[in-house]
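These notes concern the structure reproduced below.
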Amino acid sequence: MNAICLRAGLAGIVLCGTVLATAGLASADATDDYPIPHRILQTTCTVDQYMAAVRDVETVYYERYMTDYKNRTVNIQGAARDRIYWFFSLNYAARRQYSEDTATNVYYEQMATHWGNWAKLFFNNKGVAAHGTDICTNYPRHDPSVWNW
Amino acid sequence: MRDPRAETGSTVDRSRDIKAIMRGSGRALLGTTVLVAGLAVAWPANADPDTDFADELHTHGIYGAKDYNAWIGKIACKRLSRGLDSDAETSAKFVFTQLPKGSTTEQGWQFLAAAISTYCPEQGPVLRRTAGLR
């Protein structure tokens with residue numbers, strides 16, 4: 001193959017270059033823990049439960065996230081809320097696929113172009129995710145007041 | 001900055017302490033603490049209340065990152081004013097879970113009293129009600 005490529009003209013270079021370039025692509029760029037923590041992929045808690053738990057147990061992290069949230073416009077706030085409720089509505093396989101998609105395509109998640117830290121409370125810190133999911137079942141499943149802080 | 005939440009170990013000891021807060025022994029400690037805090041002379045005032053707060057915590061043997069403890073104090077006030085913590089015991093329980101492992105219930109109450117006097121003195125009645133004082 002290389003010998004043919006060396007002898008080929010311009011068209012051959014393009015073809016050979018494409019074939020050689022595709023040979024080394026990774027088959028998976030996300031793991032079960034990155035960019036989305038395993039606890040978040042697996043949890044059956046709702047968004048409200050998780051946020052209420054983090055409010056109690058990772059209180060400064062929650063406070064900083066809510067400060068950032070309140071600095072967004074109303075449109076962006078609503079879009080972020082919708083998007084994270086959508087993510088939590090997925091099963092494990094779909095969440096894992098989403099993780100893969102965001103790892104391999106930096107433009108995949110449109111929300112991130114409007115507010116880079118839109119999911120920081122949920123995806124960014126494995127420790128926060130672990131502490132929150134440890135106790136999230138103790139909180140009410142539906143409690144939109146977690147967004148009003 | 002050391003994260004006081006970094007240790008994930010057993011929660012048995014802390015739950016006993018948390019229960020103590022909810023029982024009479026916790027309240028008795030609170031009564032003493034509130035009285036002492038109420039009678040304390042004014043601290044040398046700095047321009048920065050966070051520094052005053054940190055200094056007061058140090059007298060109770062509570063150390064840690066200054067901005068972290070200031071955050072907890074302010075958030076405790078916010079939780080009281082929002083009604084998320086309905087009374088002083090719930091608030092003390094919240095504060096206690098933010099302190100480093102090995103902290104005592106007395107320190108939890110002292111933290112709360114210091115936070116209220118520094119950041120939200122208008123919540124003072126919440127403490128006094130719990131201590132049975134008027």
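So you know, we letter chains A, B, ... as the sequences are listed, proteins then strands, and number each from 1. Bear in mind the structure is a predicted one, so any value in this text is a computation, not a measurement.
- Identified by a heavy-atom distance below 4.5 Å to chain B, the contributing residues of residues 135-149 of chain A are A:Asn148, A:Trp149, in residue-number order.
- In this structure, B:Lys74 does not pair ionically with A:Glu63, as no charged nitrogen and carboxylate oxygen lie closer than 4.0 Å.
- At a threshold of 4.5 Å between non-hydrogen side-chain atoms, the residues A:Thr59 and B:Trp71 do not count as touching.
- Annotation: residues 117-127 of chain A contacts chain B through no residue [non-hydrogen atoms, separation under 4.5 Å].
- Note that the CD atom of A:Glu58 and the CD atom of B:Gln98 stand 8.0 Å from one another [nearest 0.5 Å].
- Between A:Val57 and B:Thr97, every side-chain heavy-atom pair lies at or beyond the 4.5 Å cut-off.
- In terms of hydrophobic clustering, with Ile, Leu, Val, Met, Phe, Trp and Tyr side chains grouped at heavy-atom distances under 4.5 Å, A:Ile40 and A:Tyr34 are assigned to different clusters.
- Here the closest heavy-atom approach between residue A:Arg55 and residue B:Arg79 is recorded as O-NH1, 3.6 Å.
- Grouping the Ile, Leu, Val, Met, Phe, Trp and Tyr side chains by contacts below 4.5 angstrom, directly or via other members, places A:Leu90 with A:Phe88.
- Applying the disulfide (SG to SG under 2.5 Å) test to every pair with at least one member in residues 63-127 of chain B, sequence neighbours left out, gives these pairs: B:Cys77-B:Cys120.
- Residues A:Asp56 and B:Lys93 are not paired through a salt bridge, judged by the lack of any N-O separation under 4.0 Å between the basic side chain and the carboxylate.
- By a heavy-atom distance cut of under 4.5 Å, not one residue of residues 75-86 of chain A is near chain B.
- The cluster map of Ile, Leu, Val, Met, Phe, Trp and Tyr, joined by side-chain heavy atoms under 4.5 Å apart, puts B:Tyr63 and B:Trp109 in different clusters.
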